[in-house]
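Whatever order the structure lists them in is the order used to number ligands and atoms, beginning at 1.
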Amino acid sequence: MPTKDDVIFPSCVNRDEIDEVLYTPDMIQSRVRDLGVEISNFYDDDWREGEGGGRIETPTSTSASTNIILPSPPPSSSSSSRRRLPLIVVCTLRGAVPFFADLVRCLTVEAEWEFVALSSYGDGTDSSGCVETLLDIRIDVSDRDVLIVEDILDTGHTLRYLIDALRARGPNSVRTAVLLHKTERTIGSLGLVPEFVGYVIPNAFVVGYGLDYAQRYRCLPWIGVLAPWVYNG
Ligand SMILES: O=P(O)(O)OC[C@H]1O[C@H](OP(=O)(O)OP(=O)(O)O)[C@H](O)[C@@H]1O
Ligand code: HPA
């Protein structure tokens, strides 16, 4: 477990505002790189399987009557072709920006970037439960593979709302990569099981690497637990 001495405090943040450091910049970069590999391998395999079953990849075919090898017809299965369109990677503004920026540079599958802005926390430390779309994606996701990139899965209200909103538009798949999962706080009845998770964290309000309290602390390159006196006054 890192200590406060393992990270640099910028002049805008006092050491006593942070109770403990959870992840240093090096730890985060290494975990994000691993996630990039895991996600890329997953989609590589998924798309390869999708192309199987003779839909696209049969190089030659045999005429039953003449036994002559004929060239296979050009791929015409629209569903197979569609599966090969780039992955749509959706960044949830604003907190996920650093994670998204680092993760997309570790992906080896072709990907398009989209951005949504959702808000439910305002300037507090608890979800209002009422999620608002402040900015929507611009692309048609029907029949496409979509990967949502979130900084944190806490109660789950935000992710449930976004997954449902995207699914309603007829994508081929919607999956989720979250850097942090506060499992103890996630509401079970929302039925959320993120496919890719960076770290499972305890029930504490965390800041840094994009995560804020009242818009502060996003710029920290590490992640730490905010001292409760900061938000309790
Ligand atoms: O699981 P939940 O309890 O819904 O919390 C998770 C959401 O809360 C934060 O967003 P916030 O509304 O604070 O907006 P921000 O990303 O602009 O900081 C965070 O970035 C997640 O999107
Ligand atoms: O622990 C948190 N920190 C910052 N933003 C958040 N949004 C949900 N949970 C958190």
Fill in the blank from the handout: shortest atom 17 (O) of ligand 1-to-protein heavy-atom contact is with Arg94 N, 3.1 Å
Handout entry: Spacing of CD belonging to Glu132 relative to OH belonging to Tyr161, to within rounding of 0.5 Å
Key = 8.0 Å
Handout entry: atom 6 (C) of ligand 1: the protein heavy-atom neighbour that sits closest, reported with distance to 0.1 Å
Key = Ile152 O, 3.4 Å
Completion exercise
Here the gap from Tyr217 atom OH to Ile18 atom CD1, rounded to the nearest 0.5 Å, amounts to 6.0 Å
Handout entry: Atoms in ligand 1 with a heavy atom of Gly95 nearer than 4.0 Å
Key = 15 (P), 16 (O)
Practice task
Answer yes or no: does an N/O atom from Gly156 fall short of 3.5 Å to an N/O atom of ligand 1?
Solution key: yes
Exercise for the section: Among all protein heavy atoms, pick out the one at the shortest distance from atom 19 (C) of ligand 1; state its residue, atom name and that distance to 0.1 Å. Expected result: Asp151 OD1, 3.3 Å
Practice task
List the closest protein heavy-atom neighbour of atom 4 (O) of ligand 1: residue, atom name, distance to the nearest 0.1 Å.
Solution key: Thr158 OG1, 2.5 Å
Completion exercise
With heavy atoms and a 4.0 Å threshold, my read on which part of Arg218 contacts ligand 1 is side chain
Practice task
State, yes or no, whether a side-chain contact exists between Ile201 and Ile152 at a heavy-atom distance under 4.5 Å.
Solution key: yes
Problem - Within-cut-off N or O pair, Ser127 and ligand 1, under 3.5 Å - result: no
Exercise for the section: Could you tell me how the ring of Trp113 sits relative to the ring of Phe115: parallel (under 30°), tilted (30 to 60°) or perpendicular (over 60°)? Expected result: perpendicular
Problem - Polar atom proximity, Leu153 to ligand 1 (N or O, under 3.5 Å) - result: no
Handout entry: Val207 to ligand 2, any heavy atom closer than 4.0 Å
Key = no
Handout entry: Distance, nearest 0.5 Å, that separates CG of Leu103 from CZ of Arg31
Key = 10.5 Å
Problem - Minimum side-chain heavy-atom gap Thr158-Thr92 below 4.5 Å - result: no
Fill in the blank from the handout: If you scan protein heavy atoms around atom 2 (P) of ligand 1, the nearest is Thr155 OG1, 3.3 Å
Exercise for the section: Please identify which atoms of ligand 2 are closer than 4.0 Å to at least one heavy atom of Asp154. Expected result: 8 (C), 9 (N), 10 (C)
Practice task
Would you mind reporting whether Val89 and Phe100 have side-chain heavy atoms less than 4.5 Å apart?
Solution key: yes
Practice task
State whether the shortest distance between N or O atoms of Val206 and N or O atoms of ligand 2 falls below 3.5 angstrom.
Solution key: yes
Problem - N/O separation below 3.5 Å, Thr92 to ligand 1 - result: no
Exercise for the section: Heavy-atom contacts with Asp212 under 4.0 Å: which atoms of ligand 2 show up? List them by number with element. Expected result: 4 (C), 5 (N)
Exercise for the section: Kindly indicate whether the side chain of Val207, heavy atoms from C-beta on, has any atom under 4.5 Å from the side chain of Glu17. Expected result: no
Practice task
Mind checking the CZ-CZ spacing from Arg185 to Phe205? Nearest 0.5 Å is all I need.
Solution key: 8.5 Å
Problem - Exercise: do Ser142 and Asp140 side chains pair donor with acceptor under 3.5 Å - result: yes
Exercise for the section: Below 4.0 angstrom from a heavy atom of Ser120, which ligand 1 atoms are there? Numbered from 1 as shown, please. Expected result: 12 (O)
Handout entry: Approximate separation, where rounding is to 0.5 Å, of Phe42 CZ and Leu35 CG
Key = 13.5 Å
Handout entry: Heavy-atom proximity to atom 1 (O) of ligand 2, best of Lys182, Glu150, His157
Key = Lys182
Exercise for the section: May I ask you to identify the nearest protein heavy atom to atom 22 (O) of ligand 1, giving residue, atom name and distance to one decimal place in Å? Expected result: Glu150 OE2, 2.7 Å
Fill in the blank from the handout: If you scan protein heavy atoms around atom 2 (C) of ligand 2, the nearest is Phe205 CE1, 3.4 Å
Problem - Nearest non-hydrogen protein atom, atom 13 (O) of ligand 1 - result: Tyr121 CB, 3.3 Å
Completion exercise
Interatomic distance, CG@Asp145 vs CG@Leu87, rounded to 0.5 Å, equals 6.5 Å
Exercise for the section: Check each of Phe99, Tyr199, Trp222 against Tyr23 using the ring pair (Phe, Tyr, Trp, His ring centres under 6.0 Å) test, and report the only one that passes. Expected result: Tyr199
Problem - Any Val131 heavy atom less than 4.0 Å from ligand 1 - result: no
Practice task
Identify the protein heavy atom lying closest to atom 14 (O) of ligand 1, giving its residue, its atom name and the separation to 0.1 Å.
Solution key: Leu118 O, 3.8 Å
